[in-house]
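Each ligand, and each atom within it, is numbered from 1 in the order the structure gives. Because the structure is a prediction, the values reported are computed rather than measured.
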Amino acid sequence: MQFIDLKRQQEGIRARLNQRIHAVLDHGQFIMGPEIGELEQRLADYVAVSHAVSCASGTDALLMALMRYEVGPGDLIFTSPFTFVATAEVIRLLGATPVFVDIDPSTYNLAPDQLEDALSRAGQGGDGRPRGIIAVDLFGLPADYPAIGAIAEQHGLFVIEDAAQSFGATLNGKRAGAFGQVGCTSFFPAKPLGGYGDGGMCFTDDADTAAVLRSIRIHGQGEHKYDNVRIGINGRMDTLQAAILLAKFDIFPEEVRLRQEVAARYTAMLQSLPGLTLPQVPPQASSVWAQYSVLASSGAHRETIQSALKRQGIPSAVYYPTPLHRQTAFRDLGYVEGAFPVSERCAQTIFSLPMHPYLTREDQERIADAIRLV
Ligand SMILES: *Cc1c(COP(=O)(O)O)cnc(C)c1O
């Protein structure tokens, strides 16, 4: 059994992939070829925003979004400590300071009341100027943007959506990527819409923001190729990667539906088991289930479940074993153990089950049986 079965997906779209890849080999525009614009248009339409700017990775998408706001030393950016390292890494890369804010225990996303508290504390201190928020849509579920957006507006902050895991999810009828001033997603192979290599995209409704992101993506380019108006990066997506993503996007809406079916089956099979906390999706939201993550009753309980699964040849994973405020790279920020109890508790007890659109009911029954026998 695979944790994510990309082989099975490839079998279904092999002809489409070959056709798309060969078209690029034939036209030879490997940098910023026509597939780049085609993918940007199709995904902007899907997310229902005016502009999409493709780039080399989800990390670059976040970095470019922060660069759009000229984030730098002395700036405070509020974000979750319970996320992949890239979310906070880009803040530090620009010399700014991440301010961690604990998560909501039922969604694993930034808790708006904790954000208010962190902002009122930051207002009293003198160690930086609050500039923005990076909210993360963890495991594929959008964060609480109505509440986060209201707080941001009150304090004059920008909101960046880290939609690396949530492309295809919705909240109040809007698609992930469309929240905040800039939505950033990733096409790392294991993400809901994954390529065959690295890739990312920024989404925005603001034409000026889109123009600045396009400039940052290519070395701060101005009107002409050798006219540089700002410091940027080499953040382009490869044409070949866009071609592959176009082939995969054809079946993506169907795959989102299948993921939701798989998740619903897990919930039905596991809900009567004692000691497990299953993932919750608020009624106004849908998740794209980048991960199906469950809380065990303790660290020891998690260990027992994971070894029982392993004995049956069933893979499982832990996202994330160490919250960012306890990572070595962030140690100098001075956070102590216990600073974010919800994140720390989740890190100790959470585990994720195999999740992909082609997971069969039979395999899920085997998984549920293995857990039931613990
Ligand atoms: C994967 C991921 C990223 C980074 O995306 P890459 O394409 O790997 O650079 C950022 N944030 C979160 C929450 C992620 O899961």
N or O contacts of ligand 1 with protein under 3.5 Å, please list pair by pair.
unit_1, atom_1, unit_2, atom_2, d
ligand 1, 5 (O), Ser186, OG, 3.4
ligand 1, 7 (O), Gly58, N, 2.7
ligand 1, 7 (O), Ser186, OG, 2.7
ligand 1, 9 (O), Gly58, N, 3.4
ligand 1, 9 (O), Thr59, N, 2.8
ligand 1, 9 (O), Thr59, OG1, 2.5
ligand 1, 11 (N), Asp162, OD1, 3.3
ligand 1, 11 (N), Asp162, OD2, 2.8
ligand 1, 15 (O), Gln165, NE2, 2.8
ligand 1, 15 (O), Lys191, NZ, 2.6

Query - Centroid-centroid under 6.0 Å between Phe340 and His325 rings - result: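 Between His325 and Phe340, which both carry aromatic rings, the centre distance is below 6.0 Å.
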**Report entry** Any residue meeting salt bridge (charged side-chain N to carboxylate O under 4.0 Å, His left out) with Asp75, in chain and number order, not counting sequence neighbours
**Finding:**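 Salt bridge (charged side-chain N to carboxylate O under 4.0 Å, His left out) list for Asp75, sorted by chain: Arg129, Arg131.
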Query raised in the report: Angle class for the Tyr320/Phe139 ring planes (parallel below 30°, perpendicular above 60°, tilted otherwise)?
Result: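 Parallel, since the angle between the ring planes stays under 30°.
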Query raised in the report: Could you give the distance from CZ (Phe252) to CG (Leu245), rounded to the nearest 0.5 Å?
Result: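 Result: 10.5 Å between the selected atoms.
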Query - Approximate separation, where rounding is to 0.5 Å, of Ile151 CD1 and Ile133 CD1 - result: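 That separation rounds to 7.0 Å.
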Requested in this report: Flag yes if more than 12 heavy atoms outside Glu261 fall under 6.0 Å of its CD atom; otherwise flag no.
Outcome: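 More than 12 within 6.0 Å, yes.
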